[in-house]
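Throughout, a chain's letter reflects where its sequence line sits, starting with A, and its residues are numbered from 1.
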2 protein chains.
Amino acid sequence: MAANSQFAIAVHVLTILAKSGDERVKSDYIAGSVNTNPVVIRRLLSNLQEAGLVVSQVGAAGGTSLARQPKDIRLSEVYKALPCGEVFALHSKEPNRDCPVGRNMAAFLCGLQKEIDKSIEERLRQYTLRDVLERIDEA
Amino acid sequence: MAANSQFAIAVHVLTILAKSGDERVKSDYIAGSVNTNPVVIRRLLSNLQEAGLVVSQVGAAGGTSLARQPKDIRLSEVYKALPCGEVFALHSKEPNRDCPVGRNMAAFLCGLQKEIDKSIEERLRQYTLRDVLERIDEA
DNA sequence: ACCTTTTGTAACTCCTTTTGATACAGTTTA
DNA sequence: TAAACTGTATCAAAAGGAGTTACAAAAGGT
C-alpha cells in the first residue's frame, strides 16, 4: 500500500462526480464507492479543489461537485493537482563528492526527471474526463 | 527514503563502469562512490546482469564491467531492468462492486498505466550511456 | 436561536516498502 | 590453502501512505 494510489482514486472520484452532474456528492458516499475512509476522500478533494477542478461546500446539504464540464477536465490536470512523487527518486544520500561521476549526476538526473514528467503530462492531456466516462460506460 | 532511487543509482553505477572500460570494478569501490552499502550495489548489479547489461565475475580479482559499449546501452533498458513500480498505483482495496463506476475503473486505469509506461520508455530510449557520459563530462 | 449535517484538518497508529547492515556460502586467483 | 570477491539470506531502521478518530467551523432546516 506504499505506492501512490491517489491518481487512481482521483480519477475514480471525479468520474463519480461527473455522473452526478450538478448534485453535490458527500464524502461519505464517495468513500463507500471507492471503499475507503471519508477522510481519505476529503483530503484528496482538498487537492482537487485547490487545482480548481471541483467545488466543495461545507455544512448541511454540503458536498462536492465538478467545477467544470467533464469535457473540460484533462487527466493531466488531475495528475498535476496531486502531490505525487516523481517517477524515480534521486539518490537519498548525496553521492561522494570525490567521485567525478557523482558530482554531475544529480543535475543530469534532475533534468531527465523533468523530461519524463513532461512526457507523462502530454500523454494524460489526451484524455478528458468525458473520455473516461465513455470508456467506463461502454465496457 | 521510501521512493525508489534504484534507477538513479543504476545510471550512476553504469556510468562508473563505462568510465572504467574493460577493467572490472568491485562493489566496494562503487559503493564508496555512490555513498551506500556494497550489498545495495550488488543487489542492483544482480538486476542489471539479468538484463544483460553488465557482466560480473566472482572470486578474487572479481568485479563487474559493462556487457556492451556505452553507445549500445539505452536508458530504457536500464529502466526495464529494474523492478521499479508503476507511475501510479491502482486502488489498494478493490472498489465497491455495487458502484458502476468502480467496476470498470480498474481496467481503464490499467490500460492507462501501460500507455504511460510506454511513453517513459520511449523517452528514455533516446539516451544511451554514452550520452550520459558526455553530459557528465561537459558539465 | 438551536440542532443537525457535513467539510476541513490535525494527530495518531498501522502497514508496506526501501535502504542499510551483518553474516556467510561459494568461487576464483595466486 | 589463504585471500579476495560476488551472491544472497536475513534482520533492523527509516520513511511514507493509508486508515482512523476526533473535533472545530460552517451552513441549512425547523
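- Here dT6(C) presents its P atom at 13 Å from CD of Glu23(A), a figure rounded to the nearest Å.
- With Phe7(B) as the partner, the side chain to side chain contact (heavy atoms under 4.5 Å, CB included) test is satisfied by one option alone out of Asn4(B), Val11(B), Ile9(B): Val11(B).
- Per the geometry, CG belonging to Asn47(A) stands 16 Å off P belonging to dT7(C), to the nearest Å.
- Note on Ser27(B): a side-chain N or O is less than 4.0 Å away from OP1 or OP2 of dT6(D).
- Between Ile41(B) atom CD1 and dT8(D) atom P the separation is 16 Å, expressed in whole Å.
- The nearest whole Å value for the distance from the CZ atom in Arg43(A) to the P atom in dG17(D) is 11 Å.
- Between Ile73(B) and the options Leu129(B), Leu48(B), Val54(B), Leu17(B), a side chain to side chain contact (heavy atoms under 4.5 Å, CB included) holds for only Leu129(B).
- The main-chain N or O of Phe88(A) is found under 3.5 Å from a side-chain atom of Gln113(A) such that the two form a donor-acceptor pair.
- Backbone-only engagement by Thr36(A) is indicated by non-hydrogen atom pairs under 4.0 Å involving sugar-phosphate atoms exclusively.
- Distances shorter than 4.0 Å separate some side-chain N or O of Gln49(B) from OP1 or OP2 on dG7(D).
- Heavy-atom contacts from other residues, nucleotides or ligands closer than 6.0 Å to CZ of Arg130(B) number 12 or fewer.
- The side chain to side chain contact (heavy atoms under 4.5 Å, CB included) with Lys19(A) is formed by just one residue from the set Val25(A), Leu14(A), Asp137(A); it is Asp137(A).
- For the OP1/OP2 pair of dT19(C) and a distance below 4.0 Å, the side-chain nitrogens and oxygens of Ser5(B) include at least one atom meeting the criterion.
- Summarising the geometry, the separation between CG on Asn35(B) and P on dG20(C) is reported as 9 Å, rounded to the nearest angstrom.
- With rounding to whole Å, Asn4(B) atom CG is found 14 Å from dG16(D) atom P.
- Residue Arg42(B) contributes atom CZ, which lies 16 Å from atom P of dT27(C) at whole-angstrom precision.
- Across the interface with DNA chain D, nearest-nucleotide mapping of Gln57(A) and Val40(A) shows Val40(A) to be the residue nearer the 5′ end.
- Each of Val58(B) and Ala61(A) was assigned the nucleotide of DNA chain C with the nearest heavy atom; the assignment lying further toward the 5' end belongs to Ala61(A).
- Between the NZ atom of Lys26(B) and the C1' atom of dA3(D) there is a distance of 12 Å, given to the nearest Å.
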